[in-house]
A.B. asks: 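Following this message is one structure expressed as structure tokens.
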Protein chains: 2
Amino acid sequence: MPGAIQSLSRAAAILRLLAGGERRLGLSEVATGLGLAKGTAHGILRTLQQEGFVEQDPESGKYQLGAELLRLGQSYLDVHELRARALVWADDLARAAGETVYLGVLHQRGVLVVHHVFRPDDSRQVLEVGSMQPLHATALGKVLLAYDPVARGELGGGPWEAFTARTVTEPAALDAQCALVRERGWADAVEETWEGVASVAALIQDRRRNPVGAVCVSGAVETVCGPDGAVRPALVASVRTAARAISRDLGAHRF
Amino acid sequence: MPGAIQSLSRAAAILRLLAGGERRLGLSEVATGLGLAKGTAHGILRTLQQEGFVEQDPESGKYQLGAELLRLGQSYLDVHELRARALVWADDLARAAGETVYLGVLHQRGVLVVHHVFRPDDSRQVLEVGSMQPLHATALGKVLLAYDPVARGELGGGPWEAFTARTVTEPAALDAQCALVRERGWADAVEETWEGVASVAALIQDRRRNPVGAVCVSGAVETVCGPDGAVRPALVASVRTAARAISRDLGAHRF
DNA sequence: GAACACCGGTCGGCAACGCCGACCACCAGG
DNA sequence: CCTGGTGGTCGGCGTTGCCGACCGGTGTTC
């Protein structure tokens, strides 16, 4: 494969840099942060600004991400086939389970949330579409790891960050869990990401049985798990049924 | 201002092209659609793909937008100061009004929705963050037009698209409405975008009194408007109060 | 089944394009 | 008033990316 276009790669790096730092960044910060000459960085920033990908605070002259990115991100969701077909199933699942539902796809070294159905009560919740979750510490992630060798390979050999005392941080333990996931056909994560939160996830496949994403139910450990500490079987069944339904939906129109 | 970087502008055009067309596009379609040589378009697409901004369907070879855009769009929201400060006010406004609340900013020739609070009931609603609304046919848009001469200038001289029979399509009528908005301090749009839907919006200013966005309450015309067909005064008061609160919040930390 | 049209992808040569570093205007602090 | 910082500009050099011809595969047509 021939090389990438230099200016484009650099522009992407600038956008990621701006996305990473919480606050706005100045021209010099951007330039030194990526090892570019000031003039070079300025040329790229100027173009990105004209296109709406970057905005400049007129007061301080510092740069931040632009609104066009939000619009394009929304367009990504609009054409996302998996998400479109999963919408109604995810809604039903949330209703039946009485819990939050996430739909995630593999992206870089994490799980990107492409759909999020609020728990059906009146509590205040923030939408997490577009956010990333760790592969090794979530039910969504472990499902994708179990069925996607490439993802497992890219994750490397740990040890990984521990979010709680129950986070799996060692490769051997994670691989054992993945084997279990493949055997059972579903993954759980009880207090591995946040204290008090438990999740169940199952795989979504396309028409050729390739893993394309995962669906997950997440909620308070008291409601997701039974008195024995294990995930309630009825919930597992709901999640697996939903995953199968979405997978079937993805393949149905093929012939 | 010196010129833009050619390859970057072209890449942006490709992304917009992919965002516009509902379906996936092939290499040749992209190339001819923008008047580029196939090799050129391929080089840009290849780089965008490496960076995650576009994805390629391995089966058909066609291109679509990539997941990285969703992630960056979310990052845009994370650093968006207006949105961050308005979150709690918008929530309260939705609760008090019992209706949907939108928060919009000017972007290109439309209003970009940066926040959306669902109507506080159990009905099924889709999130519209990241979508665009027309300037001339929404309450949000008319507020921004009334207070931002640049936006009004860019909109040109119409006539604009009519979404319903009550849509304002002529420049003279729109300018008259804008004058009224400035006089009253708020804008309404009753069945100008969709049949049966009415909205009220008010301006949000930053510390230097520059218009930076608008907040809007939207709902069924039967609940938003009173028996006389005009918007309920209590609702107008709520929206204006919320807008003032957000504006004050934006300016408060200045000194 | 062969001819065709079209697909996505590659490659090399030419020159345009964008990179670089010096420079400018401005501002804050000493 | 100088110094060190900012964002921004400019022109010359040479790297870079653009272009159009070409390749191998696919599906359509007859």
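Below, chains carry the letters A, B, ... as their sequence lines are ordered, and counting in each starts from 1.
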A.B. asks: Roughly how many Å is it from NZ in A/K62 to P in D/dG8, rounded to a whole number?
C.D. replies: 11 Å
A.B. asks: Which residues satisfy the ring pair (Phe, Tyr, Trp, His ring centres under 6.0 Å) test with A/H116, sequence neighbours excluded?
C.D. replies: A/Y102, A/F118
A.B. asks: Measure the distance from CG on A/L48 to C1' on C/dG18 and round it to the nearest whole Å.
C.D. replies: 14 Å
A.B. asks: Does a side-chain N or O from B/H42 land closer than 4.0 Å to OP1 or OP2 of C/dG8, or not?
C.D. replies: no
A.B. asks: So, OP1 or OP2 of C/dG8: does either fall under 4.0 Å of a side-chain N or O from B/S28?
C.D. replies: yes
A.B. asks: Round to the nearest Å and state the distance from A/L34 atom CG to C/dC19 atom P.
C.D. replies: 13 Å
A.B. asks: List the residues meeting side-chain contact (heavy atoms from CB on, under 4.5 Å) with A/A67, not counting sequence neighbours, and say none if there are none.
C.D. replies: A/E55, B/Y76, B/H107, B/L112
A.B. asks: Considering only distance and modelled atom types, tabulate donor-acceptor pairs under 3.5 Å from the side chains of residues 133-140 of chain A, sequence neighbours left out.
C.D. replies:
unit_1	atom_1	unit_2	atom_2	d
A/H136	NE2	A/E161	O	2.8
A/T138	OG1	A/P134	O	2.9
A/T138	OG1	A/G141	N	3.0

A.B. asks: With side chains defined as the heavy atoms from C-beta onward, is the minimum distance between B/L69 and A/L69 less than 4.5 Å?
C.D. replies: yes
A.B. asks: Please identify each residue that fulfils side-chain contact (heavy atoms from CB on, under 4.5 Å) with B/A162, with sequence neighbours left out.
C.D. replies: B/T167, B/T169
A.B. asks: Is the shortest side-chain N/O distance from A/Q56 to OP1 or OP2 of D/dG8 below 4.0 Å?
C.D. replies: yes
A.B. asks: What residues form a side-chain contact (heavy atoms from CB on, under 4.5 Å) with A/A202, not counting sequence neighbours?
C.D. replies: A/V239, A/R240, A/A243
A.B. asks: Could you tell me the separation between the CG atom of A/L27 and the P atom of C/dC27, rounded to a whole number of Å?
C.D. replies: 17 Å
A.B. asks: Minimum heavy-atom separation for B/A19 to A/L72, with atom names?
C.D. replies: CB-CD2, 3.4 Å
A.B. asks: Show every salt bridge (charged side-chain N to carboxylate O under 4.0 Å, His left out) that has at least one partner inside residues 67-78 of chain A, sequence neighbours left out.
C.D. replies: A/E68-A/R71, A/E68-B/R16
A.B. asks: The helix from C/dG1-D/dC30 to C/dG30-D/dC1: angle between its terminal axes, five pairs each, to 10°?
C.D. replies: 30°
A.B. asks: Distances under 3.5 Å between protein N/O atoms and the N/O atoms of nucleotides 28-30 of chain C, please, pair by pair.
C.D. replies:
none

A.B. asks: What does nucleotides 15-23 of chain D look like as a protein-contact string, B for base, S for sugar-phosphate only, - for none, at under 4.0 angstrom between heavy atoms?
C.D. replies: -SSSBB---
A.B. asks: Counting the atoms with a prime plus P, OP1 and OP2 as sugar-phosphate, which does A/E29 contact under 4.0 Å by heavy atoms, base, sugar-phosphate, or nothing?
C.D. replies: nothing
A.B. asks: Which pairs count as salt bridge (charged side-chain N to carboxylate O under 4.0 Å, His left out) when at least one residue sits in residues 102-114 of chain B, sequence neighbours excluded?
C.D. replies: none
A.B. asks: Among pairs that include at least one residue of residues 10-35 of chain A, which meet ring pair (Phe, Tyr, Trp, His ring centres under 6.0 Å), considering only residues two or more places apart or in two chains?
C.D. replies: none
A.B. asks: Look at A/Y63 and D/dT6 and indicate whether a side-chain polar atom (N or O) is within less than 4.0 Å of OP1 or OP2.
C.D. replies: no
A.B. asks: Rounding to an integer number of Å, can you tell me how far B/R24 CZ sits from C/dG8 P?
C.D. replies: 13 Å
A.B. asks: May I have all residue pairs that pass salt bridge (charged side-chain N to carboxylate O under 4.0 Å, His left out) and include part of residues 134-146 of chain A, sequence neighbours excluded?
C.D. replies: A/K142-A/E192
A.B. asks: In whole Å, what is the span from the CZ atom of A/R46 to the C1' atom of C/dC17?
C.D. replies: 13 Å
